[in-house]
2 protein chains.
Amino acid sequence: MVSYKDIQLTTGLSLATISKYFNGGNVRPANREAIDAAVAIHGYRPNAIARGLRSGKSRTVGVLLPALDNDFHLTIIASVEQRLREVNIGVVVATSPSADAATVDLLLGRRVDGIVAVPSPHDVDALSRAAGEIPVVALDWRAPGLDVDGVFLDNRAAGQLAARHLRSHGHTAALVLSPEPPLSSVAARVDGFLAELGPGGVSLAAPLSVDGARDAVASVLASVLGPTDAPTAFFAPNYELTLGALIAINESGRILGRDVSLIGFDGTDLARASRPRLTIIEQPMREIAEEAARTVLDLLQGERAPARERLLAPRLNAGASVARVTDTVTD
Amino acid sequence: MVSYKDIQLTTGLSLATISKYFNGGNVRPANREAIDAAVAIHGYRPNAIARGLRSGKSRTVGVLLPALDNDFHLTIIASVEQRLREVNIGVVVATSPSADAATVDLLLGRRVDGIVAVPSPHDVDALSRAAGEIPVVALDWRAPGLDVDGVFLDNRAAGQLAARHLRSHGHTAALVLSPEPPLSSVAARVDGFLAELGPGGVSLAAPLSVDGARDAVASVLASVLGPTDAPTAFFAPNYELTLGALIAINESGRILGRDVSLIGFDGTDLARASRPRLTIIEQPMREIAEEAARTVLDLLQGERAPARERLLAPRLNAGASVARVTDTVTD
DNA sequence: CCCGGAAAGCGAAACGTTACGCTTTTCGGC
DNA sequence: GCCGAAAAGCGTAACGTTTCGCTTTCCGGG
């Protein structure tokens, strides 16, 4: 391993001077050149580990995710990485399988300077403890009992947005897929939806998976006699549910946006490519992630304020998957 | 920062003994308990940085990606992380924006023990140099001049697979979207396709983007008079191109699998939700990533063999987006 | 040519571990 | 109770930096 020592040997300068140079201190031009030359010869590269030991900072933040299985997670990693690379801070990713409560400790052991996390129930405690030592920013799920800075989607508003869109198209009745067991962020979307839609809103229990949603929707569709009977509008308050619902509808042979209406959640690509184009509620993933990145960075730079929470607004991306209802189904 | 020293103070044991205990050495039961107690009291956590300095290993590997913008990249991170966490090795992600040739150095500065990379042209040199010091495994793109272990899709075979599928459905002519500027992995798919399909294969230049593909396909469709004239089969050798082609077809009002045929690439979700279900060539992302993870791990554990290359086979996931051609279009 | 302040350079200690080679303790067999 | 081997424990140096408080060198003004 090539170190300051090698540079010392070839330049005759002291370690202190070399270090000073590397940290922007003043060094006589001749020595400056000598050091540069020696660096080039030996291919010297500062050792971040030694630096970290000495300084107590690793210039690294941890990104903790419950799994690595969707676009949002990727966006989080990407945004945080991009923002932090600008200031030369590295990103360590860690997933926290539900079996294992030690993932946070793994990050702390690596002496990360901060953590950006999508909390899951089993690491709330560890995150709370961690928050005592380093900045922690929570994302996506407002974990009960975790009092740290956070950036979240306004889930209730998302549900309301979907309901209002249906109402404005003449729908007074609709089914909302309601995951079983519940997940608080999705549950808030369901609540917002039901509250806004009024008595016509019905919740349809389904496992939180593509196939679960497909089966649930398929069995509702099978039990409906004519295509225009009964509730023919669905709200899928999550990407997986959306995918399942869409598959079920397509498999049933019904025409989306005519026989049956659907508002999905996330999955911009899917929405664009669907036929007809799917109307979805989108959460501003990139903004959420960027806001989180900005927040850790502020905290790292010492702006220690009382834990603050930001709620970002959902957007409706309109396609043609919601039929317009007047007296009878038209179009 | 709580360290061995604190434990030394409360137990009276020497640092050497404490260290030995933490590394699985034999320690008298009484002392064992004393240490455990002290650890609990102080909330001690081994300092990976100090360990790393002393041992020269960081127990960290770098994952280098040109960008973080698709499913495959996520799968790579997920698989590598999952595999390495089993043996307590951390994962640092770094993206390498095309402006910047220093991303590899950033990883080396952090003294990663190995690198898994999807190479991009501007960091081939740096990767080559890195390979002299630590194991490097390349993924997805076989960069010319980069002589390291690699795991890739058999791109030619993927093109051939698509062509054979079209032929078996009676198609003798088809357009393949051909990215401009070329990207060698996608180009190999195009080549395989054209070679297998024979003289009926025509390449259609398009920028490597969703909108580029959409425009290219749209203009072809607009110039076709009747729905059954001329080439009505497309092969999109990449996810973005697939998405663009699908959008163009839907927007044109033509019916997929009847008026026009399409074989896409990747995007299992999209394929399932498309109506009709899309026929795609899938690369075994998870396997590729897992194989890469396994390879770094082997290399880290000293199995230093001559650089080896693995080619994984594509799969065809059949939907109903390819029409069966006999004399005239049927169905 | 000398003075003095400013600029540059220096040695040593410290960060938290681990590994080496040694000394001390333990304990079963006599 | 003693011997000796095996087990356990110990002090110290080293990993590559940065920082502290000094000392040395530089250089313009008189």
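What you see is a predicted model; the values in this text were computed from it and never measured. In what follows, chains carry the letters A, B, and so on, assigned in the order in which the sequence lines appear, proteins first and then strands, with residues in each chain numbered from 1.
Atom NZ in Lys5(B) sits about 13 Å away from atom P in dT12(D), given to the nearest Å. Counting to the nearest Å, the C1' atom of dT18(C) and the CD1 atom of Ile49(A) are 14 Å from each other. When the P atom of dA8(D) is taken as reference, atom CG of Leu13(B) falls 13 Å away, rounded to whole Å. Taking atom CZ on Arg28(A) and atom C1' on dC27(D), their separation rounds to 11 Å, with Å as the unit. One interatomic measurement links the two molecules: NZ of Lys57(B) to C1' of dG16(C), which rounds to 19 Å at whole-angstrom precision. Straight-line distance from the CD atom of Gln8(B) to the C1' atom of dG16(C): 12 Å, rounded to whole Å. Atoms NZ (Lys20(A)) and C1' (dC10(C)) sit 9 Å apart, rounded to a whole Å. Here dA7(D) presents its C1' atom at 13 Å from CG of Asn31(B), a figure rounded to the nearest Å.
Residue Tyr44(B) is in sugar-phosphate contact alone, with no base atom involved, counting any heavy-atom pair closer than 4.0 Å across all strands shown. Ser55(B) comes within contact range of no nucleotide atom at all, as no heavy-atom separation falls under 4.0 Å.
Test Asn70(B), Val116(B), Ile77(B) against Leu65(B) for side chain to side chain contact (heavy atoms under 4.5 Å, CB included) and you get one pass: Ile77(B).
The listed nucleotides are dG16(D), dT18(C), dG9(D); the one nearest the side chain of Arg54(A) is dG16(D). Comparing atom distances between the Leu15(B) side chain and each of dT17(C), dG11(D), dA8(C) picks out dT17(C) as nearest. The listed nucleotides are dT17(D), dG11(D), dG16(C); the one nearest the side chain of Ser14(B) is dG11(D).
Within the structure, a side-chain polar atom (N or O) of Asn23(A) is placed less than 4.0 Å from OP1 or OP2 of dT18(D). The side chain of Arg51(B) contributes an N or O atom lying less than 4.0 Å from OP1 or OP2 of dT18(C). For Asn26(A) and dA7(C), the shortest distance from a side-chain N or O to OP1 or OP2 is not below 4.0 Å. The phosphate of dG9(D) (OP1 or OP2) has no side-chain N or O of Thr17(B) nearer than 4.0 angstrom. Remark: Tyr4(B) is in phosphate contact with dT18(C), judged by side-chain N or O atoms under 4.0 Å from OP1 or OP2.
Not a single donor-acceptor pair under 3.5 Å links the side chain of His73(B) to the backbone N or O of Pro66(B). Under the 3.5 Å distance criterion, the side-chain polar atoms of Asp149(B) are left unmatched by any main-chain donor or acceptor of Ala138(B).
Along DNA chain D, the nucleotide closest to Ala16(B) and the one closest to Ser19(A) are compared, and the more 5′ of them pairs with Ala16(B).
No side-chain heavy atom of Pro182(A) sits under 4.5 Å from any side-chain heavy atom of Val186(A).
For the residue pair Asn47(A) and Tyr4(A), no side-chain donor N or O sits within less than 3.5 Å of a side-chain acceptor on the partner.
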